[in-house]
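Letters A, B, ... mirror the listed sequences (proteins, then strands); counts begin at 1. Note that the structure is predicted; figures quoted are calculated from it, not measured.
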2 protein chains.
Amino acid sequence: MPLPQTEIPGRLQTQLAERGIRMTDQRRAILSVIETAKKHLDASQILRKAQRIDASVDRSTVYRTLELLKRHGMIDELDLMHMKGEGHYYERKLGRDHIHMACLCCGKISEFVSEIFESLKHQLEQDCHFHILVSRLEVGGYCSACRR
Amino acid sequence: MPLPQTEIPGRLQTQLAERGIRMTDQRRAILSVIETAKKHLDASQILRKAQRIDASVDRSTVYRTLELLKRHGMIDELDLMHMKGEGHYYERKLGRDHIHMACLCCGKISEFVSEIFESLKHQLEQDCHFHILVSRLEVGGYCSACRR
DNA sequence: TTAAGTGCAAATATTTTGCTGTCAC
DNA sequence: GTGACAGCAAAATATTTGCACTTAA
């Protein structure tokens, strides 16, 4: 299956360069891990994978880089209903926001894109005069395979 | 989405009793803090307030009670975009879900009830055959007072 | 009576920070 | 050359757990 990447926002490394942000071997390793991730990763998993590319990567550099990417709106931070532990998960921010559904039975995470979600955010901006920079909709429950 | 069993869900203490769950002085203190809260409280704030009612309340009892209430769907756990620290906030689950908006500038938390949000959850349940037990929509951005 | 609940202390988990040395630009 | 970034170690924050004692039902 091809990557579900339609908008082609260039590589993270390029995006950072465009903003005049310094590139290091450690950042390159971390960015590449995030870019090629097949599933949602937490900070420890990102660290472990990044160290396989550059063994010198330190845990604090991972956190500092995640903070940088968040600040620039290049990644989203997820909780995934805190199904295992209190940590966070990260995913690259691509074209359109999506909803995360966490099955409390089997642990599967599904994603869902909805035009209604877009309308809702629009309504919120209009009615509340609120300028949305980041949004996160997560639901927990039972997926089609687990519900009875 | 099943309608809530009662529009006016008695006191938390009563709800627990109805489920045959044992009541203690410590739980009573914690429940009363949650019930009378005027704003979103985190675990430490709940502890501090509960101790003013019953000085013997321990931090671990607070966490254990929050876990109990979550499990029974009597409270919701919020992140409020983690604006200060990584902790969680709690609020009693009443009739209708609402959206939490966190202003990244002034820190104000606003709530918003939307029929579109209800439609969105309904669409999600239909289209994904997903049975929603808990949902959380949080947005971060600039409130009407802070946007320029 | 007795299973559930509690405080206490210690352990875990997650993230942040101070410092000093290094490196990208 | 210099300011941004790094590793390291330690601190800070947040939550969980084991255990022996207590208590609600």
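In this structure, A/R27 reaches the sugar-phosphate backbone alone: every heavy-atom distance under 4.0 Å involves primed, P, OP1 or OP2 atoms, never a base.
Between B/G87 and B/R64, the one whose closest nucleotide on DNA chain D sits nearer the 5' end is B/G87. Between B/R22 and A/L68, the one whose closest nucleotide on DNA chain D sits nearer the 5' end is A/L68. Both A/D42 and A/R28 sit near DNA chain C, but only A/D42 has its closest nucleotide nearer the 5' end.
Contact between the side-chain N/O atoms of B/Q26 and the OP1/OP2 oxygens of C/dG5 is not found at any separation under 4.0 Å. Listed pair B/H82 / C/dT15 fails the phosphate criterion, with no side-chain N or O lying under 4.0 Å from OP1 or OP2. Contact annotation: B/Y63 reaches the phosphate of D/dT15 (side-chain N/O to OP1 or OP2, under 4.0 Å). For D/dC8, neither phosphate oxygen OP1 nor OP2 lies less than 4.0 angstrom from any side-chain nitrogen or oxygen of A/S60. Close to D/dA6, at under 4.0 Å from its OP1 or OP2, lies a side-chain N or O of A/T24.
A/E86 places its CD atom 14 Å from the C1' atom of D/dT17, with the value rounded to the nearest Å. With rounding to whole Å, A/R59 atom CZ is found 13 Å from D/dG7 atom P. Look at CG on B/D54: it is 11 Å from P on D/dT23, rounded to the nearest Å. For the pair A/R19 CZ and D/dA4 P, the computed distance is 18 Å after rounding to whole Å. Per the geometry, NE2 belonging to A/H88 stands 9 Å off C1' belonging to C/dT14, to the nearest Å. Remark: C1' of D/dC5 and CG of A/L16 are 13 Å apart, rounded to the nearest angstrom. Between B/Y89 atom OH and D/dT15 atom P the separation is 10 Å, expressed in whole Å. Across the protein-nucleic acid pair, A/M23 atom CE and C/dC25 atom P stand 8 Å apart, rounded to whole Å.
Looking at A/R28 and A/E35, no side-chain N of the basic residue comes within less than 4.0 Å of a carboxylate O on the acidic one, giving no salt bridge. Using a 4.0 Å cut-off between charged side-chain N and carboxylate O, A/R136 and A/D79 make a salt bridge.
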- Message: Evaluate B/E111 against B/H100 for side-chain contact (heavy atoms from CB on, under 4.5 Å), listing each step before the verdict.
- Response: CA-CA 5 Å; B/E111 301 184 349; B/H100 287 95; 3.3 Å; yes
- Using the salt bridge (Lys or Arg N to Asp or Glu O under 4.0 Å) rule, take B/E67 and B/K70 through it: C-alpha gap first, then chi angles, then the decisive distance, then the call. CA-CA 5 Å; B/E67 176 58 34; B/K70 255 193 295 181; 3.6 Å; yes
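Counting heavy atoms from C-beta outward, A/Q123 and B/F117 have side chains that stay 4.5 Å or more apart.
Picking from D/dA6, D/dT15, C/dT15 the nucleotide with the shortest atom distance to the side chain of B/Y90 gives D/dT15.
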